[in-house]
Amino acid sequence: MSSANNLFMLACLVSSLSCAHTKSQRMLKLGMHKPTLGSIKVLNYEPTPEAFYEDFIRSSVPVLIRTNNPSWHRYFSNWARPSFLQTHMNDMPGRAYNRPIWTQDYPGEVRLNFTDFFIRPLDEKLYWDSTFPLDNSLFKHMPLPLPLSCLQHSNWIESTVLLYAKVNSTSPFHHDGAENFFFQISGKKTWLIANYSEGNKAYADLYDVQPGLSPINPEQVDLDKYPLAADINFYKVTVEPGDMLYVPEHWWHHVTSFDPPIISVNLWSEVFELPLSSEKRDIANHTKVISKFIRESSSPSIKCMWQHHSIADVSQYNWKDIYTLSESATEPLRNYFLLHFSSDISGCFYAVNSITGSILWNYTISTDAGSTPVVSADEKTVYFADEDSKLYAFHTESGNLLWKIELSDAIVASLRLNKIKDILYAATIDGWVYAFNITADGRPSLLWKSGPFPGEIWSSPFIHKPGLIICIKTTSTEDPSVYMLHESNGSVMWSHTMGRPVFASPVVDHESNNLFVLDVENYLNVIDMQTGKSLWTFDIGDGVLSSPVLSSNGNILYIVTASGQVMCLDALKLDIIWKIVVEKSTDIEVVSSPLLMEKWKLLYVAVGYRVMALDAKNGKIVWEFSADAEFMSSPRLDKYGTLYIGGMDNKLYALNGLKGTVQWSVLSLGPIVSSVTIFDRYVEESSYGGLM
């Protein structure tokens, strides 16, 4: 054969190999044409509802929350057992797809009840994907995670979907028209997630079946028809049992499920009132419009006043039913809490079981302790302080001392923790403020120290972006009483001089950015949070030593004065709506702060020897409880409606929040000045006995 022919044949061979390679490249699975952007943000703790809304929901940022809460893993482990799901789903009707691997064609649907689905043989490869009621018994004792556990989030939840696959499966490439809170229960799922701005590359406007469903076959992407698909920028993350994934509305995603049985739950939420698209073939552009709308028109923050017991409670919260469970300390399905508090004079730190009142652990110190403790974001550590200038860290459940450090003077103000950034704030009575970065190994590292400020610090630091508000019990009328410190270095951003000392912590209306500060004389001071300038002052006729409480809409302010007057003010007009005199004695000084339960329209106050529930609308007494000594700590309420408050008679009381009856009391070594910190924990394995 001539050399020319050889060259010709070689050229043909190279050409054919090139064509074959090109063809194989053009039929790859979705997400394999270019490297991914890496993982979405992963948190190893549960953020607060307020932080979750601000940092992720409103910002349209997906996040994986990898909780270490053993109650989640313990509860979800039951779902993989066939008898558990069959018991609770039983004959509930629903829908299953008859092809678990999604290609280009819409798979057929099968209408059947869950029991029929469950007994179908594996070779039928059905994939259950169906809504079911929030009040289903399956959810009755499944807790909402911390990021969703306030009334504001719960009101947004529209529906629930159970996903169940007996074999490996995949989803279409699509986006959803609601916020997606996704819980992985059994098996694993790998998610490819793309920003809403990738809609053109997803060929969103060429959908065949329904808006939001890309025509691209994720198993074999045809780049001849959809060439832009090769350039989609994906994040990639795998969710495992116990994980919660948040996928913002209109973010594109494709899911591969493996390690059956694969069980998941979606909570769909309508968080934002979004403008409708007038063009059905303008999906890609519409999602960009919506994102802009969210950022410009939605509330920058939310306020959480109530935490739900379980997912089922989102549908209909019946306090009486929940409380009936709480009446018995032996009820196996009841949540319990660790109550952390400290006693004064004969100083001691405590952890108490919320159901029985039994002391789980205590740690004795040689001095007074009146500061309220805080629990870390990962729920493993509780921080205490004493009046001998020491800051402590303990394991929340075992009580093991993790570390102890000494500051400049006594710590009487309650501690504060930025749970997003793991920054612990403490203020000493000699006018210094400390910020400690809690490192990955749980140790404190001094971030900054600011001061000394001109007076004693009795009020707790108040965290408010981008800084920290501190109030000073000044000794001179010329010294500032309120400061805003920068969170990164403690520098003074602004200061405000009122000419009067401040003992109580302030409150902020996040909508107006108004700061409400009460001084020890007669005045309510309203300050602009941005500038520190005075907006107005209002003479309430008495000094105040306790922190006020603001309604969730920012319209109503409740105040308890040092002499025992309780008043309700219009926070916008500064008009008194109602006022009552609870205690006429001049011998007491009220330092206990009020607690507002908006769902029940109750205001809890502790004045002198009495704890009372007042009708928040008119100030009438609903119930009252009297002790043998006065109350100085502030009331706290748990999810079950149990009110906790410590007294100067050395007792911690647990009261029925609606009736005021005593559920239990526990005797401490000394008077209780600190408020209770409530740390949620589930009871042991027996807590699920009623569901097995």
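Counting only N and O atoms by type, the side chains of T238 and T190 include a donor and acceptor under 3.5 Å apart.
Between the side chain of E50 and the backbone N or O of Y53 there is no donor-acceptor pair closer than 3.5 Å. Side chain of S547 to main chain of P506: no donor-acceptor pair is present (N/O by atom type, distance under 3.5 Å, no hydrogens or angles). Counting only distance, with no hydrogens or angles, the side chain of S371 and the backbone of I411 share no donor-acceptor pair below 3.5 Å. Within the 3.5 Å criterion, the main-chain N or O of S675 finds a donor-acceptor partner in the side chain of T372. Between the N656 side chain and the L658 main chain, a donor and an acceptor come within less than 3.5 Å of each other. No donor-acceptor distance shorter than 3.5 angstrom exists from the side chain of R66 to the backbone of V239, with no hydrogens or angles considered. Panel note: side chain E598, backbone S552; a donor-acceptor pair is recorded below 3.5 Å. Between the side chain of W448 and the main chain of E487, a donor-acceptor pair closer than 3.5 Å is present.
Between Y558 and C568, some side-chain heavy-atom pair lies under the 4.5 Å cut-off. No side-chain heavy atom of Y483 sits under 4.5 Å from any side-chain heavy atom of V433. At least one side-chain heavy atom of S592 sits less than 4.5 Å from a side-chain heavy atom of S634.
Taking the six-membered ring where the residue is Trp, the centroids of F56 and Y246 are separated by 6.0 Å or more.
Across all non-hydrogen atoms, the minimal contact from M529 to W494 is O-NE1, 3.0 Å.
More than 12 non-hydrogen atoms from other residues, nucleotides or ligands lie less than 6.0 angstrom from CZ of F462.
Residues passing the side chain to side chain donor-acceptor pair (under 3.5 Å) test with T48: none are found, sequence neighbours excluded.
Ring planes of F349 and F384: parallel class, angle under 30° (limits at 30 and 60°). Aromatic ring pairs are classed by plane angle as parallel below 30°, tilted from 30° to 60° and perpendicular above 60°; the pair H175 and H250 is perpendicular.
Among the candidates L596, L643, I645, the single residue satisfying the side-chain contact (heavy atoms from CB on, under 4.5 Å) test with L637 is L643.
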